[in-house]
Amino acid sequence: MKTIITNIGLLVNVRDKNFLLRGKELSQLPCIQNAYLIIEDGKIADYGTMSNLPTYNNQLSTINANGATVFPCWCDSHTHLVFAASREEEFVDKIKGLSYADIAAKGGGILNSANKLNAMNEDELFNLALKRLNEVIQLGTGAVEIKSGYGLSVEGELKMLRVIKQLKEKSLIPIKATFLGAHAYPLQYKNDHEAYIKLIVDEMLPNIAKEKLADYIDCFCEQGFFSVDEMKRICEAGAKYNLKPKLHVNQLNSIGGIEAAIELNALSVDHLETMTDDEILKLSNSETIGTLLPTAAYFLRMQYPPARKLIDNNCAVALASDFNPGSSPSGNMNTVVSMSCIQMRMLPEEAINAATINGAYAMELENEVGSITIGKKANLIFTKPISSLAYLPYAFGNNLIDKVMIEGEFV
Ligand code: NIG
Ligand code: FE
């Protein structure tokens with residue numbers, strides 16, 4: 001089955017070969033004006049300028065893009081979109097002055113979500129997550145990573161990961177699963193961290209591996225959560241099952257997580273609101289991707305990650321939504337891209353690259369999604385008429401998406 005899309009005003013992020021973009025490379029966004037695109041069996045088969053449109057017979061179905069700008073779908077490489085309930089009561093507490101740490105200390109925050117998740121059955125959890133997933137697909141997300149971490153018990157973590165496995169089977173878009181048992185210490189392990197780490201290493205991990213439930217391992221490395229040494233032990237245990245780390249580090253404090261993550265060959269270090277110059281240098285000299293989550297910093301009223309400094313120092317940067325009930329109750333990647341330009345001074349080209357091709361690398365999906373490349377999935381965003389690429393982040397909060405296509409079909 002072949003489809004040709006004609007009259008594309010601007011075809012964005014066209015690459016015959018892709019590579020992870022770092023530093024200045026992020027500002028190079030190759031585009032074709034007045035383009036056509038051919039899709040075969042859900043994959044990109046060819047593209048070019050309308051003036052070189054190949055002659056084709058009528059059996060090809062034709063879609064006239066009528067001048068729309070066409071992008072590869074967003075690649076959201078960091079979410080927690082499986083959860084039982086929203087937490088707007090904490091949102092109100094925060095407005096009244098409580099900090100993220102105050103709320104966590106009260107047994108709220110992650111532990112609040114864990115209580116609710118453990119009380120919910122797998123089917124109900126799955127239905128809620130599928131609804132969220134379909135909503136973000138409508139907002140242009142064409143590949144996603146989803147973490148566990150609201151179970152914090154053997155059964156709870158396995159339940160969450162089984163939900164993600166079901167989402168993988170039923171979803172239209174590629175999904176990667178990350179095991180985040182080390183998200184917070186449950187109350188009963190508050191004074192016995194050793195016992196909880198043992199639970200992760202001796203019970204959660206072997207069962208997860210047996211059912212092949214995870215692609216990656218994560219740990220919230222932070223004061224009051226998991227120390228650098230604890231993160232190392234957990235990641236080393238995960239490595240025995242070939243789980244590469246993608247890690248929460250430097251959100252609230254810089255405690256040495258970046259250096260350790262690089263030593264652990266982490267695929268990505270995520271958050272980075274607090275970064276020392278030395279850590280920026282170490283990251284730039286590594287293969288590890290820095291994933292920035294600006295909507296979480298916004299929601300928590302925190303400083304934004306130093307995107308400019310990271311890019312100017314040659315780091316590889318990706319953008320993701322962090323969709324979760326506590327720090328980013330939105331999976332809208334359009335907002336993430338806008339906020340990155342407005343608040344972190346990323347150029348529109350840099351933000352679009354970071355949210356597409358580099359996001360794909362941060363999930364090892366770079367051969368499937370993230371750019372207009374022959375052989376990749378035709379997961380595409382068609383915009384409403386826009387005057388230029390920069391209009392997209394500029395006109396924040398406006399819904400500029402006209403249609404979303406997944407594997408060659410409009411959804
Ligand atoms: O990425 N920082 C740790 N984890 C999540 C928040 C989880 C929650 O508050 O429920 C984050 O921001
Ligand atoms: Fe997160």
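What you see is a predicted model; the values in this text were computed from it and never measured. One-based numbering, in listed order, for ligands and for the atoms of each.
- For atom 2 (N) of ligand 1, the closest non-hydrogen atom of the protein is Gln251 OE1, 2.7 Å.
- For ligand 1, the atoms lying closer than 4.0 Å to a non-hydrogen atom of Ile110 are 7 (C), 8 (C), 9 (O), 10 (O).
- With no hydrogens or angles considered, a side-chain donor-acceptor pair links Ser371 and Lys376 at under 3.5 Å.
- Assignment of His183 to the shell around ligand 1 is supported, since a heavy atom sits closer than 4.0 Å.
- Near Gly326, with a cut-off below 4.0 Å to any heavy atom, the atoms of ligand 1 are 8 (C), 9 (O), 10 (O).
- In terms of protein heavy atoms, atom 6 (C) of ligand 1 is closest to Tyr100 OH, 3.3 Å.
- Counting heavy atoms closer than 4.0 Å to ligand 1, residue His248 contributes side-chain atoms (C-beta onward) but none from N, CA, C or O.
- Interface atoms of ligand 1 facing Asp322, defined by a heavy-atom separation under 4.0 Å, are 1 (O), 11 (C), 12 (O).
- Residue, atom and distance of the protein heavy atom nearest to atom 12 (O) of ligand 1 are Ser327 OG, 2.6 Å.
- Separation of the Phe19 and Tyr361 ring centroids does not fall under the 6.0 Å cut-off.
- At the shortest separation from atom 9 (O) of ligand 1 among protein heavy atoms lies Arg87 NH2, 2.9 Å.
- Here the angle at the Fe ion (ligand 2) defined by OD1 in Asp322 and NE2 in His80 stands at 90°, rounded to 10 degrees.
- Annotation: cation-pi pair Lys244/Tyr216 absent, no NZ/CZ under 6.0 Å from the ring centroid and within 45° of its normal.
- Donor-acceptor pairing under 3.5 Å is lacking for the side chains of Ser77 and Glu145.
- Distance check, rounded to the nearest 0.5 Å: SG of Cys235 to CZ of Phe226 gives 11.0 Å.
- Between His80 and Phe323, the ring centre distance reaches or exceeds 6.0 Å.
- The ring of Phe382 has its center closer than 6.0 angstrom to the ring center of Phe410.
- Taking 2.8 Å as the criterion, His78 counts as a coordinating residue of the Fe ion (ligand 2), since one of its N, O or S atoms falls below it.
- Considering backbone and side-chain N/O of Ser113, none are found under 3.5 Å from N/O of ligand 1.
- Under a cutoff of 6.0 Å and an axis angle of 45°, Arg132 and Phe83 form a cation-pi pair.
- In this structure, Ala129 and Leu81 approach most closely via the heavy-atom pair O-CD1, 3.8 Å.
- Using a 4.0 Å heavy-atom cutoff, Tyr150 is listed among the residues neighbouring ligand 1.
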